[in-house]
There are 2 protein chains.
Amino acid sequence: MPTVLRKPVTVSDQHLAERCARGRIVIIDDDSEILNAIEALLALEGYATETYSSAIDYLQVLTYNRPHFPGPSCVLCDVKMPELDGLQLQCRLAELADTPLLLMSGASGAEEAVSAFRAGVVDFLLKPIDADMLLHAIGKALLESSEQQTLHHRHAELAKRIATLTERERDIAKRVAHGQINRDIADTLHIALRTVKLHRQRALEKLGARNTADLVRIADEGNLS
Amino acid sequence: MPTVLRKPVTVSDQHLAERCARGRIVIIDDDSEILNAIEALLALEGYATETYSSAIDYLQVLTYNRPHFPGPSCVLCDVKMPELDGLQLQCRLAELADTPLLLMSGASGAEEAVSAFRAGVVDFLLKPIDADMLLHAIGKALLESSEQQTLHHRHAELAKRIATLTERERDIAKRVAHGQINRDIADTLHIALRTVKLHRQRALEKLGARNTADLVRIADEGNLS
DNA sequence: GATGATCATGCCCCATGGGGTAATTGCGAG
DNA sequence: CTCGCAATTACCCCATGGGGCATGATCATC
């Protein structure tokens, strides 16, 4: 029996859950005034927020103790920062997590904006920042994150199922998905027809496919070459 | 018998064919010096080129007599132009054709660059333009065009085949692709099993599917809901 | 009124898919 | 050494897919 009891669900817990579902925004800016103002705005809109006064701080947290936020997530960061600027952050971010990035900048040159977009930034916001513009950009970034996560989850799920197949089962599932007939498969692999049927049946079960059509789709989406 | 004889294939025709395969770049700039310089560079690289001194001119040609260039194609355009600027061109271009757009600009503000990227421009080149940078951007734009065309061709091909199906055949093909069994389909539609088999067979023939697995893929890629 | 496309059906045939039962072999873990 | 797992096979069963052959109905077009 655990020594620490589970906390009861309260109203504030519900609010927290709603914020998570709506999305989390990591805000990074060395100007604490702007940081607080943006956080207030986003919190008011019902988003979960997290603030850092330096990109380094955030990368440290990301590298060492990542609690893996549930739900869509994005980073909103100022380009001009003392230690690590927005462009460098984008590079690190692409390696560690695939979090979409929004950059903010006061009077910056076109070169900076162009570099940012080439590096794959979702949007580049010019100060003074319009609230509607910001919320629109946030929406786009979170949508991107959401779709990205959905795709990752499906792929991971399929990969897990495929991993439970034995070599023979995987091979035969592959051939079935290619439209090869049991008889041909048996002749090709020099095994009995009954054996092919068995492996095919097991593969269908393990992959959670109710019929051959499902198997074809699973094979295509799950990179079963 | 035609009055105009077909021209014999010459060496220059071969060169033209090679240029078409490599890609075409439509260059638009009101500065004729730059226009000529860029065309010379791209021609030297083996690309097919087309030049206009105004975006209006190009849009006119695009609207009235479009000979549909075979192969990948993109537009390289200066942002600052008297009548119609690059951003407006991007809007029109998105409607008429899906040609990827590259914008060039001398000392422009970040606002312009950001607007361009938001509008979906492939890249934004800042003058003075580096030749390697330009060629890299061209390569990216043409690749995008190429993938886009490939996708369009496949969809059009599938749509054509699906269009030859009768309503019943399409319906039954859809159900088969969903994994429904002939017996169930017959019961659902209140028709005889033999009838289902006939439609299924016809659908397979018309869609060019050799087996059920092919049908599933065709149905998925061809938007057969 | 003839003709062709589309949809529909019944009977019959064989190949194929799906699966139960039972048995054998080989291999790695406990 | 024994046990479980994977792979394999034979024999047998029924349901399903695929398709030939003949027939009929409806509807639009020429």
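The model shown is predicted, which means the values in this text are computed figures rather than measured ones. Chain naming here is simple, since letters A, B, ... match the order of the sequence lines and numbering starts at 1 in each.
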Separation of C:dT16 atom P from A:Asp184 atom CG, nearest Å, is 8 Å

Query raised in the report: Hey, does A:Leu198 reach any base, or is it just sugar-phosphate, or nothing, if we go heavy atoms under 4.0 Å?
Result: base

- Item | Heavy-atom donor-acceptor pair, B:Arg194 side-chain to D:dG20 base, under 3.5 Å | yes

Side-chain atoms of A:Thr195 come closest, of C:dT9, D:dA7, D:dT9, to D:dT9

Q | Phosphate OP1/OP2 of C:dT16 contacted by A:Asn182 side-chain N/O (<4.0 Å) | A | no

From CD1 of A:Ile172 across to C1' of C:dG17 the rounded distance in Å is 14 Å

Short side-chain N/O contact to C:dA8 OP1/OP2 from B:His199, under 4.0 Å
yes

Regarding the side chain of B:Gln201, the nearest nucleotide among C:dG19, D:dT9, D:dG20 is D:dG20

Atom CG of B:Asp214 and atom C1' of D:dG18 are separated, to the nearest Å, by 16 Å

In whole angstroms, the gap separating C1' of D:dT16 from CZ of B:Arg200 amounts to 9 Å

From CG of B:Asp187 across to P of C:dA8 the rounded distance in Å is 14 Å

Donor-acceptor contact present, side-chain B:Arg22 to main-chain B:Glu45, <3.5 Å: yes

Closest to the side chain of A:Arg183, out of C:dT16, D:dG17, C:dT9, is C:dT16

Regarding B:Thr166, tell me which of base, sugar-phosphate or nothing describes its non-hydrogen contacts under 4.0 Å with the strands shown. sugar-phosphate

note: A:Asn211, atom CG; C:dT16, atom P; distance rounded to Å ~ 21 Å

Separation of D:dA6 atom C1' from A:Arg170 atom CZ, nearest Å, is 13 Å

- Query: Considering only heavy atoms from C-beta outward, does the side chain of A:Arg175 approach that of A:Thr188 to under 4.5 Å?
  - Reply: yes

Closest of D:dT8, D:dG17, C:dA8 to the A:Arg168 side chain is D:dT8

Rounded to whole Å, CD of B:Glu169 lies from P of C:dA5 at a distance of 13 Å

With heavy atoms under 4.0 Å as the rule, sort B:Leu193 into base, sugar-phosphate or nothing. nothing

- Message: If you define the side chain from C-beta out and look only at heavy atoms, does anything of B:Asp98 sit under 4.5 Å from B:His152?
- Response: yes

Of the candidates D:dT9, D:dG19, C:dG17, the side chain of A:Lys197 sits closest to C:dG17

Between B:Thr164 and B:Val196, whichever has its closest DNA chain C nucleotide further toward 5' is B:Thr164

Interatomic distance, NZ@A:Lys197 vs CZ@A:Arg194, rounded to 0.5 Å, equals 6.5 Å

Considering only heavy atoms from C-beta outward, does the side chain of B:Asn223 approach that of B:Ile162 to under 4.5 Å? no

